[in-house]
Amino acid sequence: MSDIVILGGGFAAVWSAAAAARLLRQQGADRTVTLIAPGDDLVIRPRLYEADPATMRVPLDDVLKPIGVERSAGTATAVDTERRRVTVQGRDGDVSERSYERLVLATGSHLVRPDRLPGAERLHDVDTIEAAAALDEHLHALPAGPADGRFTAVVVGAGFTGLEIATELVGRLRAVAAPHGAEDQVRVVLVERADALGPELGPGPRPAITAALDELGVERRLGTSLSAVTEQGAELSDGVTIPARTVVWTAGVRASRLTEDVPAERDDLGRLLTDRFLRVPGVPGVYAAGDTAAAETEGDHRTMPSCQHALPLGRFAGHNVAADLLGLPPVPFAPDPYVTCLDLGSAGAVFTTGWDRRVQWTGETAKARKRTVNEDWIYPPTNDADEILRRADYRVSTRRPVKAGPA
Ligand SMILES: Cc1cc2nc3c(=O)[nH]c(=O)nc-3n(C[C@H](O)[C@H](O)[C@H](O)COP(=O)(O)OP(=O)(O)OC[C@H]3O[C@@H](n4cnc5c(N)ncnc54)[C@H](O)[C@@H]3O)c2cc1C
């Protein structure tokens with residue numbers, strides 16, 4: 001039996017655990033916090049489009065041990081919210097049940113791969129550290145492979161992830177091709193079913209994105225979808241076949257299947273609709289955070305499945321779940337104002353503010369911001385209990401020092 005069980009090992013889970021531990025410690029409460037996740041690391045998922053993705057991780061024990069959070073390596077296979085029990089399959093295959101007083105569901109999201117598409121097994125993606133590392137290995141093996149389409153990559157989906165990996169692949173493929181005098185063979189083609197780039201990003205950043213793709217020579221095929229992947233390349237819905245050794249799928253995201261075990265309303269991504277305290281309405285003792293949660297924010301908006309929201313969702317959910325256990329009042333979710341920062345490879349980046357995504361910076365200025373986010377702000381402190389607990393305070397911004405508010 002654990003007092004607070006947190007399912008997941010991503011940003012939302014880690015910060016939920018730290019925030020719960022912080023409040024329990026502050027209140028002198030002798031209660032347990034247990035985090036259950038299959039892996040040993042916090043994967044820095046927003047960086048998986050970059051080179052060397054296998055290094056994008058932080059050992060969970062370096063964050064959790066110093067603050068007294070127990071960690072259990074396993075995969076939750078079911079949640080019974082009536083009996084307040086979680087079924088967990090350990091890494092040795094053993095299945096056990098774990099009871100809880102309060103639960104935070106923070107098992108994240110996953111890419112929806114088109115499994116019925118002919119040749120789907122040939123598709124690469126950058127959704128998990130394993131997939132991103134496999135793509136990296138594949139890129140490095142290209143010089144030894146067949147010549148046709150050797151340094152051509154087709155990226156399917158021109159949303160946030162598709163744009164980041166397509167622009168980054170230009171540089172990564174050039175780095176692989178250059179020692180073989182084949183830099184001029186590098187070709188990246190972006191395939192998008194909609195008639196516009198970045199359909200969900202809106203028109204604001206589109207001119208900056210278009211300029212960056214032009215600068216990098218990334219080709220676009222809009223209003224087109226992928227029909228099949230063969231050994232030779234990508235077959236498109238308009239009948240064109242692009243000889244390509246690399247085809248990367250980026251379209252579609254879905255919340256963890258465990259959200260379906262919680263008898264509550266979900267949105268069309270499968271995320272639980274929480275109240276402003278990140279509780280799941282009608283399901284006592286259950287909170288959701290990160291990509292499993294669609295929380296109200298900034299008026300009538302709902303959080304995005306993003307790292308930007310996963311961190312504060314974790315802090316607020318962790319604080320509130322511990323407050324609930326101790327009979328203290330909860331705090332309403334209040335993240336920093338919404339922004340986006342889209343990496344555009346060696347063409348820089350584009351940084352926008354507001355939900356209508358007004359462009360503030362492009363090029364190197366935006367790129368400097370992106371580097372700060374990717375290389376600093378989203379990493380938790382390690383092996384330093386005081387700093388971990390300080391940053392777990394829901395009033396501490398990922399972007400700036402402490403906000404005003406009651407302790
Ligand atoms: C290539 C890429 C680029 C991105 N770029 C950005 C960006 O620029 N900005 C931004 O804000 N966001 C970005 N994102 C999105 C961001 O990474 C996610 O929104 C964020 O990681 C969500 O955090 P999370 O903790 O909710 O879930 P996740 O990071 O998905 O972590 C989920 C955790 O739960 C664990 N888990 C899963 N199932 C179970 C189970 N059954 N039992 C126990 N544990 C389980 C997983 O192992 C993992 O540890 C990007 C994502 C990708 C893939």
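Residue numbers count from 1 along this sequence. Atoms within a ligand are numbered from 1 in the order they appear, just like the ligands themselves.
- Residues Thr250 and Thr161 bring no donor and acceptor atom of their side chains to less than 3.5 Å of each other.
- Interface atoms of ligand 1 facing Ser109, defined by a heavy-atom separation under 4.0 Å, are 30 (O).
- Only the side chain of Lys370 comes within 4.0 Å of ligand 1, judged by heavy-atom distances.
- For atom 6 (C) of ligand 1, the closest non-hydrogen atom on the protein side is Pro46 CB, 3.7 Å.
- In this structure, His309 falls outside the shell of residues with a heavy atom less than 4.0 angstrom from ligand 1.
- Residue-level proximity to ligand 1 for Ile36 is carried by the backbone, the only part with a heavy atom below 4.0 angstrom.
- Taking each of Val253, Ile129, Thr107 in turn, the one with a heavy atom nearest to atom 40 (C) of ligand 1 proves to be Thr107.
- Salt bridge status for Arg172 with Glu50: absent, with no side-chain N to carboxylate O gap under 4.0 Å.
- Between Arg187 and Phe151, the closest side-chain pair of non-hydrogen atoms is not below 4.5 Å.
- Interface atoms of ligand 1 facing Ala12, defined by a heavy-atom separation under 4.0 Å, are 25 (O), 26 (O).
- Residue contact annotation: Ser256 has no non-hydrogen atom under 4.0 Å from ligand 1.
- Here the straight-line distance linking atom CZ of Arg85 with atom OG of Ser99 works out to 5.0 Å at 0.5 Å rounding.
- At a heavy-atom distance under 4.0 Å, only backbone atoms of Pro305 (N, CA, C or O) approach ligand 1.
- Ionic pairing of Arg113 and Asp125 is present here: one or more N-O contacts between side-chain nitrogen and carboxylate oxygen are shorter than 4.0 angstrom.
- Within the 4.0 Å heavy-atom shell around ligand 1 one does not find Gly39.
- Residue-ligand proximity, Ala106 to ligand 1, at heavy-atom distances under 4.0 Å covers atoms 34 (O).
- Ion pair Glu260/Arg271 not flagged as a salt bridge, since none of the NZ, NE, NH1 or NH2 atoms sits closer than 4.0 Å to an Asp/Glu carboxylate oxygen.
- Taking all heavy atoms of Asp291, Val14, Asn374, Asp41 into account, the minimum distance to atom 22 (C) of ligand 1 is reached by Asp291.
- A donor-acceptor contact closer than 3.5 angstrom links the side chains of Thr246 and His138.
- Checked by atom type, the side-chain pair Asp343/Tyr49 shows a donor-acceptor distance below 3.5 Å.
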